[in-house]
Amino acid sequence: MFDVVAAAAAIAPRIRAAADTIEAERQLPDDIVEAMAEAKLFTLLAPAAYGGAEAEPTTAIRAIELISAADGSAGWLAQNGSFESALLGWLSPEAIAGMRALESRGARDILVGGANLPQATAVEVEGGYVIDGRWDFVSGVMHSNWILGGFGILDGPGGARRVGADGEPLQRIAFIPHGDGEVLDTWNVMGMRGTGSNDFVVRDLFVPAERTMWYADPAPFPGPRYRRPYVGAWGWSLHGGNSLGMARGAIEDLSALAQTHDSKHSTTLLRNRPHVQRAIAEAEAIVRSARAFLFEAVEEAWIAANNDAPDAVRLNWEARLALMHSAHEALRAVQLLYDAAGTNAIFTAHRIERALRDLNVAKHHVAASKQHYESVGSILLGADNPATLPLDPAQ
């Protein structure tokens, strides 16, 4: 099996060297994209039969950590692409073959960016759907050759949204060739600038039904990789890896800075100052503790799901709790480092401030929502209303 952790370790120094370019240009350089694609870092969770790494979740987390320590945006694009490409697991081999035949950007691999919330609408027609809409926060749109987008289904042009037997609006997710839509330059943000998560627009675009999916559909692959409710936990666990990787990179940055820098008001090197020593030790404890919880929870959920254990769904929720906790703990650790470094930390040359900005953006993703505390708490307590409100469509 392809060693994605070794591949990530090999490419991380190149990403680190390109980090300022990634930040300034708000996207990955082409050579980095090609190298990451070859290393399967955009397809960590995608089926091996479709060109992906099909890595186990904890292995994928390790790879994401290494890339994120080098550059948070590159790590984000790897984790997001890996989750989005996992949804290829619902498509048939014939659909995948058709997508490869349509590929017009010279890449053999299918690289997926996207936003799976139903921000667009569609009318069902013979053989597929005519989709119209605009998606925001489309991470990967600047380098992906396929864009994934969620859509609601209308009764007809201008009609009301269809609802299912459960009274919920019907929705699906489409895979759209990058060239069939338009990218709008909207990504002017405080952090995660290098992700280039711009908007993507399509107008009256026909998409064959075979290139659409929904989580409740039967997938052609067995096991819990491509089955509700587990797929969300595997994909979102990489968000925890991204956050912890950024925190690890910040610890390394402060450690290096402390060897050579003092401050405006003292010539004592940072490494010799008690408050800096305390901060880096506390950050180390925070990051390693959150990481241990993440790996333990995800591995337990993975084993339980693969064995159809009675507690598999509960453990799936606990994995979501761990990844949310990781994001917020990583931010707490980096805030300690930023404060300890003093005025040194405000300079972009020292990178700690970038980790702080990037993590403050990452925490707003729904994967890091503190609503997970309430959802998991309701299950742990056996509440009368346990975790009925989904935080993502994969639940």
Side-chain angles (χ1 to χ4, degrees), residues 45 56-58 60-61 64-65 76 79-80 83 86 116-118 137 150 166-169 171 215-216 224-225 227-247 282-336 359-395:
L45 302 179
E56 293 191 2
T58 52
I61 293 170
I64 294 297
E65 284 182 305
W76 181 274
Q79 64 96 5
N80 186 78
F83 183 20
N116 59 20
L117 291 177
F137 294 93
D166 58 0
E168 294 296 320
Q171 52 187 302
Y215 300 100
R225 279 185 177 274
R227 196 169 80 234
R228 216 175 189 182
Y230 306 114
V231 62
W234 317 144
W236 278 4
S237 69
L238 305 190
H239 185 289
N242 179 233
S243 297
L244 293 171
M246 286 189 280
E282 189 174 351
E284 183 72 26
I286 290 169
V287 170
R288 290 176 67 174
S289 298
R291 186 178 189 270
F293 180 28
L294 177 65
F295 275 81
E296 175 189 287
V298 172
E299 183 66 14
E300 287 183 351
W302 176 252
I303 292 171
N306 276 280
N307 289 283
D308 290 322
D311 59 350
V313 173
R314 176 182 63 80
L315 291 171
N316 175 71
W317 276 102
E318 290 186 12
R320 292 166 182 266
L321 173 65
L323 67 91
M324 179 277 293
H325 180 72
S326 296
H328 291 277
E329 288 295 273
L331 176 58
R332 184 161 73 97
V334 172
Q335 184 69 61
L336 286 170
L359 281 163
N360 267 291
V361 171
K363 76 176 184 181
H364 288 295
H365 190 276
V366 66
S369 170
K370 288 192 174 183
Q371 188 177 339
H372 286 294
Y373 281 129
E374 299 171 16
S375 297
V376 178
S378 72
I379 292 172
L380 295 177
L381 290 171
D384 293 336
N385 57 337
T388 56
L389 179 63
L391 290 176
D392 75 286
Q395 292 185 17

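We number each residue from 1, following the sequence as shown. Reckoned from all heavy atoms, side chains included, excluding hydrogens, waters and symmetry mates.
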Quick check: closest heavy atoms across [X] and [Y], and the distance to 0.1 Å?
| X | Y | value |
| --- | --- | --- |
| Asn306 | Pro224 | OD1-CD, 3.4 Å |
| Ser378 | Ser375 | OG-O, 2.6 Å |
| Gln79 | Gly235 | OE1-O, 4.3 Å |
| Val298 | Pro57 | CG1-CB, 3.6 Å |
| Arg320 | Ala233 | NH2-N, 3.5 Å |
| Phe83 | Val231 | CE1-O, 3.7 Å |

**Request:** Might you confirm whether atom CZ of Phe137 has over 12 heavy atoms from other residues, nucleotides or ligands at distances under 6.0 Å?
**Result:** no
**Prompt:** Excluding sequence neighbours, so at least two apart, what forms salt bridge (charged side-chain N to carboxylate O under 4.0 Å, His left out) with Arg314?
**Reply:** Asp311, Glu318
**salt bridge (charged side-chain N to carboxylate O under 4.0 Å, His left out) partners of Glu329, counting only residues at least two apart** = Arg332
**Message:** Could you tell me if the side chain of Leu380 sits less than 4.5 Å from the side chain of Trp317, heavy atoms only?
**Reply:** no
**Met324 side chain reached by Trp236 side chain, heavy atoms, under 4.5 Å** = no
To the nearest 0.5 angstrom, please state how far the [atom1] atom of [X] sits from the [atom2] atom of [Y].
| X | Y | atom1 | atom2 | answer |
| --- | --- | --- | --- | --- |
| His372 | His328 | NE2 | NE2 | 8.5 Å |
| Arg288 | Leu244 | CZ | CG | 12.5 Å |
| Leu238 | Ser243 | CG | OG | 11.0 Å |
| Leu336 | Glu282 | CG | CD | 5.0 Å |
| Leu323 | Asn242 | CG | CG | 11.5 Å |
| Leu45 | Glu56 | CG | CD | 11.0 Å |

**Message:** Under a 3.5 Å distance rule, please check whether Asp166 uses its side chain to pair with a backbone N or O of Glu168 as donor and acceptor.
**Reply:**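 Checked: pair present.
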**Asked** So Trp76 and His239, would you call those rings parallel, tilted or perpendicular, with 30° and 60° as cut-offs?
**Response** perpendicular
**Fill in**
side chain to side chain donor-acceptor pair (under 3.5 Å) filter on Asp308, not counting sequence neighbours, yields Arg227
**Prompt:** Of all residues at least two apart in sequence or in a different chain, which pass the side chain to side chain donor-acceptor pair (under 3.5 Å) check with Glu284?
**Reply:**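 Side chain to side chain donor-acceptor pair (under 3.5 Å) check on Glu284 returns Arg248.
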**Prompt:** What pairs with Phe295 under ring pair (Phe, Tyr, Trp, His ring centres under 6.0 Å), at least two apart in sequence or on another chain?
**Reply:**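 Phe295 satisfies ring pair (Phe, Tyr, Trp, His ring centres under 6.0 Å) with no residue once adjacent residues are dropped.
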**Message:** Run the ring pair (Phe, Tyr, Trp, His ring centres under 6.0 Å) test against Trp234 and tell me which residues pass, sequence neighbours left out.
**Reply:**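 Trp234 satisfies ring pair (Phe, Tyr, Trp, His ring centres under 6.0 Å) with Trp302 only.
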